[in-house]
Amino acid sequence: TQPSWKRTRDVQITTRSFGGNSPAVELDGEDDNANQVFKSPRKISYLPSASLTYSLWYKRRWMTITRVQQQSSLYGTKENTLYLQILTRDHNILKNLLQEARRLYVDGQVHNMCVYVSNSSNQWNHVACRAKRSMRSIVLDPGVKGLLLGDARDFLQSKTWYAERGIPFRRGYLLHGVPGSGKTSMIHCMAGELGLDVYIISLSRAGLDDSSLSELVNALPDRCVALMEDIDVAFTHAITRTEVPEPIPSDTAKNSPQGAQPASANKLSLSGLLNALDGVGAQEGRILFATTNKYSALDPALCRPGRMDLHVEFKNASKYQARELFSRFYLPTETTPLEDSNDEESIHSDFPSDDVFEKNSKYREGSPQLPLLAFTGNAHTGRPPKLSYEDITKLAQRFADAIPEREWSMASLQGYLMAYKTRPFEAADGVGTWMLKDRVAGEREMRGADSKAITAPVGLNPVSQGALLPRPDCTCETAGVGLSVVPKLLQAQNANVM
Ligand SMILES: Nc1ncnc2c1ncn2[C@@H]1O[C@H](COP(=O)(O)OP(=O)(O)OP(=O)(O)O)[C@@H](O)[C@H]1O
């Protein structure tokens, strides 16, 4: 709270950028104009010098602070340690100081979600703290957000329930489906909503083997989200429970670029993964999210309840999603606690069937809280206030009418709208032509691919210019709201949403 290095007369210069966890203090006025276009990413900050001792008063006690920097022996990373000395006989002062520092840190993280990944030495590295993404920014079919978030909240509150029944206190979610349908975004939103940090376990990381995976999982904190993206990737070589990975031929190893290892160098086996997930050492209280585009390629042992308790399919955009995406894209974002509370309401009520905006009279034109105006014009900064909420709703409907069900991914629709950031009329009118062009381009690409005798992998859509081609098999598992729950599992929840 009293960074005395802010007033120091000794100054050192560095070209380093300081991340979220640094002890640096920004120069006054550095962040004044957050919207400035050509803002330099390199800021000037005060940092306690590594060679000096600073002194300050803390609660009427004399205190000194020294920062010591040590080279960690193995990988050349630098570790910083702050040494505090307080002139007092009262131990509580130190305890209070640490608690205060922790509280300030935690308060500072309230709007953030931190992401950790494992490094090559198999330790968890803090990589970033990101602003939480609002649940409202994800558009899924009615019921899906509510199901996932409700289930995870319920799980986190049920420790005793699990303990009483002797069931391991952990829960796994498998989000599967076409690329660009919002799987990763949803996980990030959920982690933010639940106040949990995300630990990304990259199963395709070079050098990851059964024992290092188990080590990583054991080192997870008690409450966190563990994320395994593209869980099928680790097993593209059809490693089964018994199969031992093939040894790497020595010439392949020699010819591979430095640092890059051929995929077969991955020593992870399915049984290693299963053991890590539910073996003796598996972390209690963790939420595991796994994503895949190739659901059918996963081993049933991996998908079974207890490992992946809830399976949710993400499909290409429905008309409902297209309409909502359009509305949310063009309506001002910074409006309203109202919007969030509305969304929250929907989440808890497991989403009513229809467009929440239309149903809720709070959003009707004329309401004092209504975000009346939308962005039009050529630039965000312009924002001439020309369109009412009602106009946007009509345009959104026109847009959705032109989009065939489940043909385009949400990412591709978002990509299309990005080209019309501030021109909703043109976006609504031009979508038909865009789809036509994209189909032609896609077909051409397919023909090219066919002539080279390359086939798309099962369950995957070929991607063309950011858009997905029509995919006859994409809705084969479940019809309706784009949700499929494992047979025999959570039938009550299944009944809720089907
Ligand atoms: N349902 C959705 N609602 C809002 N935005 C979405 C949705 N789906 C995708 N997007 C947008 O598309 C982009 C890609 O989404 P995301 O990475 O979450 O998809 P994914 O399903 O995880 O894709 P992949 O399987 O390729 O990893 C993001 O910018 C996201 O904002």
Side-chain angles (χ1 to χ4, degrees), residues 113 115 130-149 173-193 198 200-204 225 227-234 236 289-298 311-331 333 339 343 346-347 351 355-357 396 399-400 403 405-419 421 427 456-469 471 474 481-484:
M113 180 204 69
V115 180
R130 288 193 198 159
K132 288 178 183 171
R133 182 171 172 169
S134 149
M135 261 295 177
R136 191 175 178 272
S137 72
I138 305 287
V139 185
L140 298 177
D141 283 312
V144 181
K145 284 199 273 188
L147 174 76
L148 277 168
L149 195 55
Y173 299 90
L174 179 61
L175 310 191
H176 63 100
V178 292
S181 51
K183 299 182 290 296
T184 309
S185 309
M186 181 64 189
I187 293 165
H188 282 247
C189 278
M190 280 187 67
E193 282 286 325
V198 178
I200 299 177
I201 303 172
S202 172
L203 294 180
S204 51
V225 163
L227 170 58
M228 293 182 182
E229 287 203 277
D230 299 320
I231 197 165
D232 53 281
V233 168
T236 42
F289 276 99
T291 68
T292 179
N293 301 137
K294 298 182 191 170
Y295 185 55
S296 55
L298 297 183
H311 299 201
V312 179
E313 184 184 6
F314 284 59
K315 296 181 179 177
N316 281 334
S318 62
K319 281 183 184 292
Y320 168 87
Q321 285 178 288
R323 189 180 63 201
E324 285 291 289
L325 184 73
F326 190 99
S327 300
R328 292 171 194 212
F329 194 87
Y330 290 108
L331 283 169
T333 47
E339 286 166 4
D343 210 40
S346 319
I347 284 165
F351 271 73
D355 185 345
V356 285
F357 284 91
F399 178 75
I403 308 270
E405 281 279 315
R406 311 287 181 201
E407 195 171 311
W408 265 265
S409 74
M410 288 293 278
S412 62
L413 293 186
Q414 180 182 274
Y416 168 76
L417 293 178
M418 289 296 284
K421 283 201 278 233
V458 179
L460 264 185
N461 253 349
V463 180
S464 122
Q465 296 180 350
L468 293 169
L469 291 167
R471 182 189 177 220
C474 70
V481 296
L483 181 74
S484 79

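Counting starts at 1 for both ligands and their atoms, following the listed order.
- Residues Tyr320 and Leu140 come closest through the heavy atom pair CE2-O, 3.4 Å.
- Residue Arg133 touches ligand 1 through its side chain alone, judged by heavy-atom distances below 4.0 Å.
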So Ser134 and Ser137, side chain to side chain donor-acceptor pair (under 3.5 Å) or not? Walk me through it.
CA-CA 6 Å; Ser134 149; Ser137 72; 5.0 Å; no
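- Distance check: Phe314 CZ to Asp141 CG gives 10.0 Å after rounding to the nearest 0.5 Å.
- For atom 6 (C) of ligand 1, the closest heavy atom belonging to the protein is Met410 CB, 4.1 Å.
- Considering backbone and side-chain atoms alike, Val139 places an N or O below 3.5 Å from some N or O of ligand 1.
- Nearest heavy atoms, Lys183 versus Thr292: CE-O, 3.9 Å.
- Residue Glu229 places no N or O, backbone or side chain, under 3.5 Å from any N or O of ligand 1.
- When each atom of ligand 1 is checked for a heavy atom of Ile138 under 4.0 Å away, the hits are 3 (N), 4 (C).
- Ligand 1 has no N or O atom lying under 3.5 Å from any N or O atom of Gly177, backbone or side chain.
- Residue nearest to atom 18 (O) of ligand 1, selected from Gly180, Ala411, Ser409, Ser185: Ser185 (by heavy-atom distance).
- The side chain of Asn293, and not its backbone, has at least one atom closer than 4.0 Å to an atom of ligand 1 (non-hydrogen atoms only; side chain from C-beta on).
- Closest approach of Gly192 and Met113 over heavy atoms only: N-SD, 4.1 Å.
- Look at Ser137 and you'll find a heavy atom under 4.0 Å from some atom of ligand 1.
- Within the 4.0 Å heavy-atom criterion, the part of Gln414 lying near ligand 1 is the side chain and not the backbone.
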Take Met410 and Ser181, measure what side-chain contact (heavy atoms from CB on, under 4.5 Å) needs, and give me the verdict at the end.
CA-CA 5 Å; Met410 288 293 278; Ser181 51; 5.6 Å; no
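- By the ring-ring contact (aromatic ring centres under 6.0 Å, His included) test, Phe399 pairs with Phe326, sequence neighbours left out.
- Nearest heavy-atom pair across Leu325 and Gln414 is CD2-N, 3.8 Å.
- Closest to atom 19 (O) of ligand 1 among all protein heavy atoms lies Gly182 N, 3.3 Å.
- Among protein heavy atoms, the minimum distance from atom 21 (O) of ligand 1 is reached at Lys183 NZ, 2.9 Å.
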Would Val178 and Arg406 count as a side-chain contact (heavy atoms from CB on, under 4.5 Å) here? Give the steps.
CA-CA 10 Å; Val178 292; Arg406 311 287 181 201; over 6 Å; no
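- Remark: minimum distance from atom 26 (O) of ligand 1 to any protein heavy atom is reached at Pro179 CB, 3.5 Å.
- For Thr184, a nitrogen or oxygen atom sits less than 3.5 Å from a nitrogen or oxygen atom of ligand 1, counting backbone and side chain alike.
- Residue contacts with ligand 1 for Leu140 involve side-chain atoms from C-beta outward but no N, CA, C or O (heavy atoms, distance under 4.0 Å).
- Residues Arg328 and Val139 come closest through the heavy atom pair CD-CG2, 4.0 Å.
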